[in-house]
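Worksheet: the structure to be examined is printed underneath.
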2 protein chains.
Amino acid sequence: MRSTSPHEVVPATTPAASLVFTTVLSHGPLTRIEIARRTGLSSAAVTKAVRPLMQLGYLVEGADEGARPAVGRPANLVRVDAGRALFIGIKVTGDEIIAVLADLCCRIRVARHVRLAGREPGAVLPSVTALVHELLTEADGFGVQVRGLGIAVSGDVDRAAGVVRYSPFLEWRDVPLAGIVETATGLPVTVDNDVRALTVAEQWFGAGVGLSDFALVTVGAGIGCGLVVHGRVVSGAHGVAGEIGHLSIDPLGPPCHCGNNGCVEAIAADPAILREVRSATGLPVATVAEALELARTGDPRVREVYARAGEAIGRAIGSVVNLLGPERVVISGEGLAAYDLFAEGIRDAFAASAFGTAVQCDVTTRPLPFEEWARGAAATAIQSFIGSDTH
Amino acid sequence: MRSTSPHEVVPATTPAASLVFTTVLSHGPLTRIEIARRTGLSSAAVTKAVRPLMQLGYLVEGADEGARPAVGRPANLVRVDAGRALFIGIKVTGDEIIAVLADLCCRIRVARHVRLAGREPGAVLPSVTALVHELLTEADGFGVQVRGLGIAVSGDVDRAAGVVRYSPFLEWRDVPLAGIVETATGLPVTVDNDVRALTVAEQWFGAGVGLSDFALVTVGAGIGCGLVVHGRVVSGAHGVAGEIGHLSIDPLGPPCHCGNNGCVEAIAADPAILREVRSATGLPVATVAEALELARTGDPRVREVYARAGEAIGRAIGSVVNLLGPERVVISGEGLAAYDLFAEGIRDAFAASAFGTAVQCDVTTRPLPFEEWARGAAATAIQSFIGSDTH
DNA sequence: GTGATTCTTTTCCTCTGTCAATGAAAGAAT
DNA sequence: ATTCTTTCATTGACAGAGGAAAAGAATCAC
């Protein structure tokens with residue numbers, strides 16, 4: 001683990017303050033009484049926790065007094081001042097960098113992206129630093145300081161150490177990314193796996209708010225999964241977790257780059273779908289958009305490919321639900337553009353493979369604009385800033 | 001959730017005391033310094049936490065002064081007085097009840113079992129009560145009070161409510177078992193799912209001690225799995241968790257009673273193995289012992305059946321490891337008698353299906369005497385007595 | 001015996017969060 | 001208009017948990 005960075009520390013000093021702050025952050029404007037109820041603290045403790053956070057400007061009073069009860073002293077709502085702090089989130093992919101400037105409520109203020117020439121650290125890092133400085137200048141325009149930088153990378157990332165252990169896409173091994181970027185930018189840097197980062201964003205600001213157990217499934221170039229169990233993101237003792245893409249669904253299925261056959265990723269990820277569409281139609285389909293176009297025109301062979309992919313995803317979700325029994329599964333990812341084609345397969349295969357009462361698990365979808373990955377990175381930075389893992 | 005029972009409360013009153021007690025319970029005799037180091041408390045806090053626990057007799061000083069360093073004041077070891085309290089653990093199966101009397105360290109003092117005539121609650125409950133009273137008499141012989149009763153039942157059990165929601169084996173639905181047995185015996189009763197109970201025993205007193213993430217896989221009449229993530233047993237939002245037995249391994253595999261094809265349980269559980277052995281040999285093999293006998297004589301057809309079963313288990317373990325990345329997987333269950341026949345299949349299939357560094361996960365086995373299920377139930381009672389979920 | 005070393009306890013002391021009482025802000029009742 | 005009722009919020013006293021540092025205790029080395 002890196003030594004604690006010397007940057008200004010979290011706004012919440014005591015456990016109670018941290019609890020209050022994260023509660024308000026996730027559950028929007030609340031009265032103090034309501035905060036006390038949700039956190040289990042006494043109202044006295046809430047008052048004492050809120051005051052310093054208000055003095056620092058992180059919490060503010062007021063607004064949005066909707067339906068108040070007609071009797072008794074009206075309540076004052078407490079909410080987070082989203083504009084009090086800014087964070088930068090960066091997603092590094094094989095061929096481009098997406099960066100966002102997000103506020104304390106993880107709403108995107110500015111988004112940028114640059115294409116990459118090479119993917120070795122020597123080529124990527126200068127682009128990252130340049131992009132950060134660009135966004136820092138933007139932040140000056142808001143008159144607010146940037147308090148943290150989150151970087152999301154696919155692969156095996158050790159967040160605590162700030163090291164990218166192994167990223168197959170980037171072909172990086174043991175790159176101490178956090179340390180490097182910290183010295184280059186002067187910002188506190190959090191590095192995390194991309195799917196986990198997205199999961200954090202969902203847990204704090206999205207469909208996972210208030211849930212102690214849920215799963216996020218991403219569909220696109222790969223098939224990924226982020227897991228929250230007991231209120232915390234699962235990281236895996238050896239850096240592997242949520243590897244839903246390499247659940248083997250069918251021993252006779254197509255070979256996967258991992259060496260097995262019939263992995264979910266070998267059936268339902270973009271490259272697999274393209275391969276199958278080409279083989280089914282004999283057409284030189286090169287992009288997902290073309291495949292989608294064919295399916296939308298009603299080509300039954302192509303629709304069948306998507307149906308099979310949906311079935312594979314549905315069975316994978318069934319496996320996750322059977323193993324962990326989450327309250328909800330959120331399906332997201334670029335592949336969601338084809339959700340209408342997947343939907344039936346997913347639904348049926350999930351219903352068939354879920355065991356007993358596990359079918360009750362809520363399966364929802366959530367669109368994923370491409371900056372969302374970078375937003376996830378920003379969420380990890382916010383999380384580090386607040387300094388609370390448990391939520 | 002049931003109202004808090006009026007029985008004598010936990011020995012540990014403060015968080016620190018609870019932490020100290022569970023640490024000593026799981027990690028054997030420790031010096032106070034060592035306790036402080038492991039818990040992160042100050043040595044002053046350890047002293048203060050230990051004293052009242054010693055006065056109550058739950059902790060005692062001494063014994064087992066092995067290799068002490070030659071210099072400085074010798075350390076006093078602190079350990080749990082296992083005999084200070086007794087617990088009863090009961091496992092209810094379809095046709096018999098196994099009961100154990102266990103001490104505070106979950107060591108079995110007495111074991112009993114009775115066969116059941118019927119499996120409806122009206123038939124089972126009197127047998128349970130009778131067995132409990134029998135063991136209470138035994139406990140009198142030790143001159144120690146029984147402080148809790150744990151009951152393990154397969155199926156969907158709501159531990160917090162003390163209700164068996166649905167047990168297919170027993171054909172029970174919404175039986176408020178804890179309440180009933182509590183009034184019948186006067187003991188605080190904890191009811192839990194059998195595999196989870198076994199997992200608790202492993203977490204506190206077995207191969208899971210000190211691990212925050214591990215999995216327990218049971219092989220036998222069914223294929224089960226208990227999961228510990230972030231130091232806590234996973235229960236599942238809808239009562240389903242660890243349902244490894246119904247991961248579908250092969251869409252073309254044998255049909256499973258759950259309605260799918262190629263579930264792990266339909267390949268590797270006892271009934272499936274017997275079915276396959278019969279079909280492979282044409283012999284009227286009726287028991288696991290006979291199948292084992294055939295395999296041990298070297299019949300290649302039978303060995304092949306076991307090999308395929310091992311492969312299915314190995315792939316299921318691979319799925320668990322890919323999803324959760326536990327530090328260790330413990331394989332146990334009555335089916336372990338055939339482990340030599342499974343071993344290669346498990347090992348190879350796990351190694352093949354584990355993704356990347358996940359193969360580093362430690363996979364071990366642990367023999368399972370049949371009272372072990374009841375011991376698991378006793379472990380849940382101990383856990384309730386101590387009143388600490390987090391470990 | 002004296003000193004060195006290490007474990008353990010004691011003595012303060014800080015600091016967190018609760019309790020219970022008080023204050024504050026509205027509408028309702030008189 | 002004034003008082004009452006109701007609910008929200010704050011205050012101040014307080015209990016108690018755990019830490020820091022010093023003192024005490026038990027052993028071996030000399």
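We name chains A, B, ... by the order of the sequence lines, and we start the count at 1 in each one.
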Whole angstroms only, please: what is the [atom1]-[atom2] distance between [X] and [N]?
| X | N | atom1 | atom2 | answer |
| --- | --- | --- | --- | --- |
| A:Ile35 | D:dT10 | CD1 | P | 10 Å |
| B:Asn76 | C:dT6 | CG | P | 17 Å |
| B:Arg32 | D:dA25 | CZ | P | 15 Å |
| A:Leu77 | C:dA26 | CG | P | 14 Å |

Can you find a heavy atom in the side chain of [X] that is under 4.5 Å from one in the side chain of [Y]?
| X | Y | value |
| --- | --- | --- |
| A:Thr199 | A:Val228 | yes |
| A:Val191 | A:Val157 | yes |
| B:Val78 | B:Thr31 | no |
| B:Phe214 | B:Asp362 | no |

>> Less than 4.0 angstrom from a charged side-chain N to a carboxylate O is my criterion; do B:Arg32 and B:Glu61 meet it?
In response: yes
>> Less than 3.5 Å apart, any donor N or O on the side chain of A:Ser384 or A:Arg159 sitting next to an acceptor on the other?
In response: yes
> Are B:Ser212 and B:Arg232 linked by a side-chain donor-acceptor pair shorter than 3.5 Å?
Replying inline: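 Their side chains do not contain a donor-acceptor pair, so the 3.5 Å distance test is not met.
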Protein-nucleotides 1-6 of chain D N/O pairs under 3.5 Å:
none

>> Can you give me the bend angle of the helix from C:dG1-D:dC30 to C:dT30-D:dA1? Use the axis through the first five pairs and the one through the last five, nearest 10 degrees.
In response: 20°
> For A:Ile33, which contact category applies under a 4.0 Å heavy-atom criterion: base, sugar-phosphate, or nothing?
Replying inline: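 Result for A:Ile33 = sugar-phosphate.
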> If you take all heavy atoms of B:Thr380 and B:Gly150, which pair is closest and at what distance?
Replying inline: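 Shortest heavy-atom contact: OG1-CA, 3.9 Å.
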> Can you name the one residue among A:Leu25, A:Val60, A:Thr22 that meets side chain to side chain contact (heavy atoms under 4.5 Å, CB included) with A:Val80?
Replying inline: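 The side chain to side chain contact (heavy atoms under 4.5 Å, CB included) with A:Val80 is passed solely by A:Leu25 among A:Leu25, A:Val60, A:Thr22.
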> So among A:Arg109, A:Arg84, A:Arg375, which one has a salt bridge (charged side-chain N to carboxylate O under 4.0 Å, His left out) with A:Asp103?
Replying inline: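 One option only clears the test, and that one is A:Arg109.
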> When the ring planes of B:Phe385 and B:Tyr58 are compared, do they come out parallel, tilted or perpendicular, using 30° and 60° as the limits?
Replying inline: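 Plane angle between 30° and 60°, so tilted.
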> Taking protein heavy atoms under 4.0 Å as touching, what does nucleotides 10-19 of chain C look like 5' to 3' if B marks base contact, S marks sugar-phosphate-only contact and - marks none?
Replying inline: BBB---SSBB
